[in-house]
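Below is one structure, written out as structure tokens, with a few remarks after it.
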Amino acid sequence: MPELPEVEVVRRGLERHAVGRTVQAVEVRHPRAVRRHLAGGADLADRLAERRLISARRRGKYLWLPLDSGDALVAHLGMSGQLLVQPPGTEDEPHLRVRLVFTDGGPELRFVDQRTFGGLALEPDAGDLPPSLAHIARDPLDPEFDLEAVVAALRRRRTGLKRALLDQTLVSGVGNIYADEALWHTRLHWARPTEELRRPEARAVITAASDVMRAALGEGGTSFDRLYVDVNGQSGWFDRSLHAYGQAGRPCARCGALIVREAFMNRSSFRCPRCQRTPRRPRW
DNA sequence: CGCAGGCCCTGGTAGC
DNA sequence: TGCTACCAGGGCCTGC
């Protein structure tokens, strides 16, 4: 599941392998992959053809590639999306959704996505950010990320802590994996009411999320199910450093109690039952 | 407005 | 063996 570190690895790959090149033609092989492009796949292909990719940018889990036309190609990898750079003639992947061919005859850019939660769309490149991303908060790796403002906003919420960490309008880039890791590092329970957080606790959990994501980026991104690979198909290996996520039944690295898995928001949450005690008034 | 919950999607796997 | 049920979960959407 690509979260911020994995998406950043992809962004760097795009910067290296796609930026500066000119699109010759685009093949949209699955309409769902371009569902956010309301004018349809043919329109997307038309407006991308003969356009040069200017740069590769990211906010949270979103990527966008500004074009020399003033549009930007916005991409989200969803659960299982990949952007692969493949030599022409390489056999098509089973879940190939969109193919970009370049005028230089070099490697193609392929959007591959098994579960089709991800997709591509063209939008105006409105200065700093495509319009559809206006609601996405800055992520912790953004130079303009304002920790104290996020801490204050977090403590104004009236919800469970993990819900808030996953809310991309509060802080972006954090998904299920890094939320569980940040909570484990700070010994906080996922159902802690945000309005009861002490300022140092709030500061610690946001800082922990930031630190864990930065560490993952340093190691090439988390990958435990082979669905995530970077722009050239290389897997990361950060899963070996996870302390909570996916560790049910394994001993907590801090206290030895067995990590438990709990249902939360139709997904899983992992925590240490001893280090991360259930709060008196949980907000599930 | 803030917040909660449903839904979308597919391949792998567990269970009968 | 072959079927069904369940699981992974980010983000959009709706309703309260």
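Atom set for the values below is all heavy atoms of this structure, side chains included, hydrogens, waters and symmetry mates excluded. Letters A, B, ... are given to chains in the order of the sequence lines, protein chains preceding strands, and every chain is numbered from 1.
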Exercise for the section: Return yes when atom CD of A:Glu195 has more than 12 non-hydrogen atoms of other residues, nucleotides or ligands closer than 6.0 Å, and no otherwise. Expected result: yes
Exercise for the section: Compare every heavy atom of A:Val174 with every heavy atom of A:Glu3, then report the nearest pair and how far apart it is. Expected result: OE1-C, 4.0 Å
Handout entry: Over-ring placement of A:Arg254 relative to A:Trp184, 6.0 Å and 45° cut-offs
Key = yes
Enumerate the protein-to-nucleotides 12-16 of chain C contacts in which both atoms are nitrogen or oxygen and the separation is below 3.5 Å.
| residue | atom | partner | partner atom | Å |
| --- | --- | --- | --- | --- |
| C:dC12 | OP1 | A:Tyr62 | OH | 2.5 |
| C:dC12 | OP2 | A:His135 | NE2 | 3.3 |

Practice task
Take atom CZ of A:Arg261 and atom C1' of C:dC6, then tell me their distance rounded to the nearest Å.
Solution key: 10 Å
Practice task
Classify the side chain of A:Arg267 versus the base of C:dG10 as yes if they form a donor-acceptor pair under 3.5 Å and no if they do not.
Solution key: yes
Problem - Flag side-chain contact, heavy atom, 4.5 Å: A:Lys162 against A:His189 - result: no
Practice task
Mind running side-chain hydrogen bond (donor to acceptor under 3.5 Å, both in side chains) on A:Glu123 and A:Ser132 for me, showing each step along the way?
Solution key: CA-CA 8 Å; A:Glu123 289 186 49; A:Ser132 72; 2.4 Å; yes
Practice task
Could you tell me the separation between the CZ atom of A:Phe264 and the P atom of B:dG5, rounded to a whole number of Å?
Solution key: 10 Å
Practice task
For the residue pair A:Val101 and A:Val26, establish whether any side-chain heavy-atom pair is separated by less than 4.5 Å.
Solution key: no
Practice task
Could you check which of C:dG11, C:dA8, B:dC3 has an atom nearest any side-chain atom of A:Arg157?
Solution key: B:dC3
Practice task
Please give the angle, rounded to 10 degrees, between the axes at the start and the end of the helix from B:dG2-C:dC16 to B:dC16-C:dG2, where five pairs define each axis.
Solution key: 50°
Handout entry: Those residues of residues 276-284 of chain A lying under 4.0 Å from DNA chain B by at least one heavy atom
Key = none
Exercise for the section: Can you tell me the distance, in whole Å, between the CE atom of A:Met265 and the C1' atom of C:dG10? Expected result: 9 Å
Problem - Spacing of A:Leu165 atom CG relative to B:dC3 atom P, expressed in whole Å - result: 14 Å
Fill in the blank from the handout: A:Trp190 meets the ring pair (Phe, Tyr, Trp, His ring centres under 6.0 Å) criterion, sequence neighbours left out, with A:Phe264, A:Trp284
Exercise for the section: Considering just the side-chain nitrogens and oxygens of A:Arg158, establish if one lies under 4.0 Å of OP1 or OP2 belonging to B:dG2. Expected result: no
Exercise for the section: For the residue pair A:Arg158 and A:Arg283, establish whether any side-chain heavy-atom pair is separated by less than 4.5 Å. Expected result: yes
Fill in the blank from the handout: When A:Glu108, A:Arg21, A:Arg52, A:Gln24 are each screened for side-chain contact (heavy atoms from CB on, under 4.5 Å) with A:Phe102, the one that passes is A:Arg21
Exercise for the section: Can you sort out the partners of A:Arg187 under salt bridge (Lys or Arg N to Asp or Glu O under 4.0 Å), two or more places apart, ordered by chain and number? Expected result: none
Problem - Minimum side-chain heavy-atom gap A:Val7-A:Leu77 below 4.5 Å - result: yes
Problem - Sequence-aligned protein contact record of nucleotides 8-15 of chain B, with B where the base is within under 4.0 Å of a protein heavy atom and S where only the sugar-phosphate is - result: BBBS----
Exercise for the section: Compare the minimum distances between each of B:dG5, B:dC3, C:dG10 and the side chain of A:Thr159, then state the nucleotide with the smallest one. Expected result: B:dC3
Problem - Length of the line joining A:Gln168:CD and C:dG11:C1', which is rounded to integer Å - result: 8 Å
Handout entry: Trace of the side-chain hydrogen bond (donor to acceptor under 3.5 Å, both in side chains) decision for A:Arg203 with A:Thr207
Key = CA-CA 6 Å; A:Arg203 200 178 280 136; A:Thr207 302; over 6 Å; no
Practice task
Would you indicate, yes or no, if C:dA8 has its OP1 or OP2 atom less than 4.0 angstrom from a side-chain nitrogen or oxygen of A:Ser80?
Solution key: no
Problem - Separation of C:dG11 C1' from A:Leu133 CG (nearest whole Å) - result: 12 Å
Handout entry: Crowding at CZ, A:Arg199 (>12 non-hydrogen neighbours, <6.0 Å)
Key = no
Exercise for the section: Determine the contact category for A:Arg35: base if any of its heavy atoms lies under 4.0 Å from a base atom, sugar-phosphate if only primed atoms, P, OP1 or OP2 are that close, otherwise nothing. Expected result: nothing
Completion exercise
Separation of C:dG10 atom P from A:Asp113 atom CG, nearest Å, is 14 Å
Exercise for the section: Measure across A:Pro273 and A:Val260 and return the closest heavy-atom pair with its distance rounded to 0.1 Å. Expected result: CG-CG1, 4.1 Å
Practice task
Quickly work out the A:Leu170 CG to C:dG11 C1' distance and round it to whole Å.
Solution key: 16 Å
